[in-house]
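Order of listing sets the numbers, starting from 1, for every ligand and every atom in it.
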Amino acid sequence: MRVETSMIKNTLSYLNPFARLGKRKYSIIFPFIITTLTAIVLEYYFSHILHTPSHVRTPAVLIFLGLIIYFSFRDGMRGGTTATIITISYYFYIIISQYTTQEAFIRDFETTLAFAALYLAMTTIIGGLKQKTDIFIETEANEKNKLQTIIEQMPVGVIITDMTGKVTHANKQLETILDIKIPIGSIFGQDKTKNKASQSPLLYVLNTKKPLKRREFVFEKKDGKKTYIQISASPIYNNSGETFAAAATITDITHQKELEKRKDDFVNIASHELKTPITSMKLFINSLSSRMKKIKDAQTQKIIKHIDYQTNRLQELVNDLLDVSRLQTGKMIFSKEPFLLNDLLKETIENLRAIAKEQNIIFLEKNSLQVSADKFRLQQVVTNLITNAIKYSDPYSDIIVQIQKDSNKAVVSIKDAGIGISREEQKKIFNRLYQVSDKKGKTFPGLGIGLYISKQIVNKHKGSIWVESEKGKGSTFFFSLPLLQRQ
Ligand code: ADP
């Protein structure tokens, strides 16, 4: 039974010209056999069964017209031309075998030639179109294949879903990174293992229509090993702007994360190790300088002052590094208390005026704004922003510190007329270890962590920090803090 069905299916698809679209297989033998057989059957039927050979003409025109159209569509110009040649030969056979008068013969001869021209024109148009369509379909399929091969062999994990979030493609690299099979039709990231990637980033982009940029996830592999992956995903739009799919690239960043962790560990250990000797150095310097005061040797006192200053710098740097590791490990403790922001700014500015002898720090006070915050940490933020303003601006320029109220927030601004920061750099300066370097390389000393620490501290107080600046035209750093209620 099954054999028969498949035979019928095969025969039908062999005969069906639509089933052959896109396949450039053009037979000559099949049209030759069928057209010749048709001619023989017609000839036999009308001459030997009906005994009216002249009646064959009209059915012959119709039947062969049909056959030529069919073969042009099935086998292109080759098939159509083969059928046309047989047909016209048969027409000639008819007019020769049914010769009556020369006049009639000439008339029939001319008609046959006209038919030949018509049939050839038809086969050129239909057969030509069929061949063009085949090439088009084939190229399309090739392009699709090529694209699929590229996706399959890309050096990053690639996943594509339809608009409902169901996977339509997942390449080998992705399965290698995650060490799982991703079945077509499944929803990526929503599997039973309940790993962190289970928020399905692709569903997120499909629902929000927003791209996802370099989002990091932790993925637990089958063997229990943690893999850090970075996903970028985006909805895919058709020409009329409607979403019809979503695509994501997935990179394994485990190695990078390990290096980062090692770097963090190093900073952590180094800063802890440096802390103790510096503290003892400070003690010794203090004791030395009180001894030296008695001796009154101006030169030695000057040297000790220098040592003291540099040790303080060193201590500040180490403290900053320690703060970074505290922030990284979530060990920075904040003890909040209510106070007037104005007082804190005033006190900090007073201290800083001592070091910024050349710049003029102007403070535009506002007395009543009360916040609840960690005083020491906020002082650190203000100090950092003002020392940056001093560091990155010309001597004798003004630094304006202002405090304002904006609905339920206090906004502090520190404005300098210094070197400014380009728009591109503004996005990065609050990142850890980021320093702006000019074309010649680094120009200012520092570790590039002050703004990072400040941002973390302000964020921990539910505030925000930002900058407005133009290269060469100075910068204004702002930070805002929620006001204590009842103001
Ligand atoms: P550091 O000052 O130690 O380099 P920060 O984190 O405090 O580190 O600052 C990061 C970078 O931002 C600096 O390297 C500097 O290029 C830029 N920057 C910070 N404040 C200013 C400012 N007031 N004017 C111009 N550039 C600044």
Above 12 or not: heavy atoms from other molecules or residues under 6.0 Å from CZ of F334?
-> yes
In Å, rounded to the nearest 0.5 Å, how long is the span from OG1 of T311 to CZ of R313?
->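 So the OG1 of T311 and the CZ of R313 are separated by 11.5 Å.
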To the nearest 0.5 Å, tell me how far I400 CD1 sits from K415 NZ.
->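 If we round to the nearest 0.5 Å, I400:CD1 and K415:NZ are 6.0 Å apart.
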Contacting atoms of ligand 1, where contact means under 4.0 angstrom from a heavy atom of [X]:
X	answer
L447	3 (O)
K391	1 (P), 2 (O), 3 (O)
I419	25 (C)
I449	6 (O), 8 (O)
G448	1 (P), 3 (O), 4 (O), 6 (O), 8 (O)

Could you tell me whether ligand 1 has any atom less than 4.0 Å away from a heavy atom of F430?
-> no
Sub-4.0 Å heavy-atom approach of S475 to ligand 1 = yes
Is there a side-chain contact between R432 and D264 (heavy atoms, below 4.5 Å)?
->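 Touching, per the 4.5 Å side-chain cut-off.
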Please confirm whether L451 comes within less than 3.5 Å of ligand 1 when only nitrogen or oxygen atoms on both sides are compared.
->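 N/O-N/O distance under 3.5 Å: yes.
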Salt-bridge present (E175, K172; N to O < 4.0 Å) | no
